[in-house]
A.B. asks: 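Before anything else, here's the structure in question.
Along the sequence shown, the residues carry numbers beginning at 1.
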Amino acid sequence: MTSASMTFGRPARLTVPRGAVWFAAAAGAVISALRRLDQWQLKVSRQEPQTAEEVLAWASRIQSSDPGFAADLRSAALRSMGKND
């Protein structure tokens, strides 16, 4: 077989389907928005008390459900405020 008798055809040209670029951009925007929403929700739910007064308020909120832990929190907050009761 000589090279003159072999035919390989034309190289295939790949084209992007219509709307695929727009769909990819929209999907990326939706995913980005969902990630930002998720991070915001995680940040809101993780607000921890930063001061002794906030710890005392937290202790009073959980007093009915967990009195032992509330007493420990109250004790630590008062100790940090310098009040030994």
A.B. asks: Rest of the hydrophobic cluster containing Leu34 (Ile/Leu/Val/Met/Phe/Trp/Tyr, side-chain heavy atoms under 4.5 Å)?
C.D. replies: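 Via sub-4.5 Å side-chain contacts, Leu34 links to Val30.
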
A.B. asks: Would you please name every residue forming a side-chain contact (heavy atoms from CB on, under 4.5 Å) with Ala20, sequence neighbours left out?
C.D. replies: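 In terms of side-chain contact (heavy atoms from CB on, under 4.5 Å), with neighbours along the sequence ignored, Ala20 is linked to Val16, Pro17.
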
A.B. asks: Run the ring-ring contact (aromatic ring centres under 6.0 Å, His included) test against Phe23 and tell me which residues pass, sequence neighbours left out.
C.D. replies: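 By the ring-ring contact (aromatic ring centres under 6.0 Å, His included) rule, Phe23 matches no residue at all.
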
A.B. asks: Using side-chain contact (heavy atoms from CB on, under 4.5 Å) as the criterion, list what pairs up with Gln50, not counting sequence neighbours.
C.D. replies: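 By the side-chain contact (heavy atoms from CB on, under 4.5 Å) rule, Gln50 matches Glu48, Glu54.
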
A.B. asks: Sequence neighbours left out, what pairs pass ring pair (Phe, Tyr, Trp, His ring centres under 6.0 Å) with at least one residue falling in residues 24-44?
C.D. replies: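 Every pair satisfying ring pair (Phe, Tyr, Trp, His ring centres under 6.0 Å) with a residue in residues 24-44: there are none.
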
A.B. asks: Throw together a table of side-chain donor-acceptor distances under 3.5 angstrom for residues 59-74, partners on residues two or more places apart or in other chains.
C.D. replies:
from  : atom 1 : to    : atom 2 : distance (Å)
Ser60 : OG     : Ala57 : O      : 2.7
Gln63 : OE1    : Arg74 : NH2    : 3.0
Ser65 : OG     : Ile62 : O      : 3.3

A.B. asks: Got a sec, which residues hit side-chain contact (heavy atoms from CB on, under 4.5 Å) with Arg35, two or more places apart in sequence or on another chain?
C.D. replies: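 Testing Arg35 for side-chain contact (heavy atoms from CB on, under 4.5 Å), a comparison that skips the adjacent residues, returns Ile31.
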
